[in-house]
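What follows is a set of notes on a single structure, which appears directly below.
By convention here, the first residue in the shown sequence is residue 1.
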Amino acid sequence: MTGKIRIISGQWRGRKIPVVDRPGLRPTGDRARETLFNWIGPKIVGAKVVDLFAGSGALGLEAASRGGGSVVLIEHDRIAARALRDGPLAWPGAERVSLVEVDALKWLSEADQKIDLMLIDPPFGSNLLSEVLAVLAQQADCLSEGGMVYLECAPEQVPRDWPNHLAIWKNKRVGQVVMTLLKRCV
């Protein structure tokens, strides 16, 4: 364990999430999470949420805390997954949160459900963002009508092209993080 971050708002406000020391694990900071959930507002209540590359689970757990109807955390790293299972998934009210230990690209390529909010924050410096966008272009039907996709990346990794069924709804840079909220438009 290298530290902890806190849930900002909702039923678990103030609870601490353990952050394990894993390559590429960089939890979304308080300021970025606050901005994202201000953008989304009440749309999170009852939403079906998927947190690809969950890591510490900060994004998905914040969504659950703020009223997400169901949240699926996708995490391939066994140690990060164990920290989630032994920590936040044992909290009261966590029955709405499930953990799937599988490669995020594999999970997304086989997704057969309608997702209201997809949270995508792969390890910085990896090529995973472009790979997940390519898979998402083929899996347009996994998003509900008006579904949203949140992307977080380093400034030098901002994609030039988006899947045709997605349009930029909100965009902001916070320090060394670029936050983009896309909305299904087709």
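- A continuous path of hydrophobic side-chain contacts links Met118 to Val100 [ILVMFWY only; heavy atoms under 4.5 Å].
- Between the CG atom of Leu105 and the CD atom of Glu110 there is a distance of 11.0 Å, given to the nearest 0.5 Å.
- Counting only distance, with no hydrogens or angles, the side chain of Gln139 and the backbone of Ala111 share a donor-acceptor pair below 3.5 Å.
- Identified under the side chain to side chain donor-acceptor pair (under 3.5 Å) test for residues 119-131, with sequence neighbours left out: Arg26-Asp121, Thr28-Asp121, Asn127-Ser130.
- Rounded to the nearest 0.5 angstrom, Lys43 NZ and Met148 CE are separated by 6.0 Å.
- Between Leu151 and Leu133, some side-chain heavy-atom pair lies under the 4.5 Å cut-off.
- Counting non-hydrogen atoms of neighbouring residues, nucleotides and ligands closer than 6.0 angstrom, the NZ atom of Lys106 reaches no more than 12 such neighbours.
- Put simply, the side chain of Ser65 gets close to the backbone of Ser9: a donor and an acceptor are under 3.5 Å apart.
- When the side chains of ILVMFWY residues are joined at heavy-atom separations under 4.5 Å, either directly or via intervening members, Val102 and Val135 end up in a single hydrophobic cluster.
- At a threshold of 4.5 Å between non-hydrogen side-chain atoms, the residues Asp141 and Lys114 count as touching.
- Open room surrounds CD on Glu145; 12 or fewer heavy atoms of other groups in view lie less than 6.0 Å from it.
- Residue Ile74 comes nearest to Ala104 through the heavy atom pair CG2-CA, 3.7 Å, listed as atom of the first residue, atom of the second, then distance.
- Heavy atoms only, all atoms of each residue included: Ile7 and Trp12 are closest at CB-O, 3.4 Å.
- For Glu75 (side chain) and Gly55 (main-chain N/O), a donor-acceptor pair under 3.5 Å exists by modelled atom type.
- Of all non-hydrogen atoms in Leu52 and Trp107, the two that sit nearest each other are CD2-CE3, 3.9 Å.
- For Lys172, the side-chain hydrogen bond (donor to acceptor under 3.5 Å, both in side chains) test picks out no residue, with sequence neighbours left out.
- In this structure, the side chain of Asp116 does not engage the main chain of Val49 through any donor-acceptor pair within 3.5 Å.
- No side-chain heavy atom of Pro88 sits less than 4.5 Å from a side-chain heavy atom of Val97.
- Here CZ of Arg82 is found 12.0 Å from CG of Leu99. Values are rounded to the nearest 0.5 Å.
- Between Lys16 atom NZ and Ile5 atom CD1 the span is 10.0 Å, to the nearest 0.5 Å.
- Within 6.0 Å of CZ on Arg31 lie no more than 12 heavy atoms contributed by other residues, nucleotides or ligands.
- Linking ILVMFWY residues whenever their side-chain heavy atoms come closer than 4.5 Å, directly or via other members, places Leu73 and Ile79 in the same cluster.
- Of all heavy-atom pairs between Arg173 and Gly175, the closest is NE-O, 2.9 Å.
- A 4.5 Å side-chain heavy-atom check between Gln138 and Leu108 finds every atom pair outside the cut-off.
- Between Val20 and Asp77, every side-chain heavy-atom pair lies at or beyond the 4.5 Å cut-off.
- Contact check for Ile40 versus Tyr150: no side-chain heavy atoms found under the 4.5 Å cut-off.
- Without hydrogens or angle criteria, Arg96 side chain to Gly68 main chain gives a donor-acceptor distance under 3.5 Å.
- At least one donor-acceptor pair closer than 3.5 Å links the side chain of Glu62 to the backbone N or O of Ile8.
- Distance check: Ile120 CD1 to Cys153 SG gives 11.0 Å after rounding to the nearest 0.5 Å.
- Between Val178 and Asn171, some side-chain heavy-atom pair lies under the 4.5 Å cut-off.
- Trp91 places a side-chain heavy atom less than 4.5 Å from the side chain of Ile17.
- When every heavy atom of Val50 is checked against every heavy atom of Ile115, the shortest pair comes out as CG2-CD1, 3.7 Å.
- Using a cut-off of 4.0 Å between Lys/Arg side-chain N and Asp/Glu carboxylate O, Arg66 and Glu34 are scored as salt-bridged.
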Legend entry - Candidate pair Leu181 and Leu36, rule side chain to side chain contact (heavy atoms under 4.5 Å, CB included), full reasoning: CA-CA 8 Å; Leu181 188 59; Leu36 168 62; 4.3 Å; yes
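- Counting only distance, with no hydrogens or angles, the side chain of Arg78 and the backbone of Ala80 share no donor-acceptor pair below 3.5 Å.
- Taken together through direct or relayed side-chain contacts under 4.5 Å among Ile, Leu, Val, Met, Phe, Trp and Tyr, Trp39 and Val45 form part of one hydrophobic cluster.
- Side-chain atoms of Arg184 do not come within 3.5 Å of backbone N or O of Val149 as any donor-acceptor pair.
- Pairing each heavy atom of Ser56 with each of Leu84, the nearest pair is O-CD2, 3.1 Å.
- Leu166 contributes atom CG, which lies 6.5 Å from atom SG of Cys185 (distance to the nearest 0.5 angstrom).
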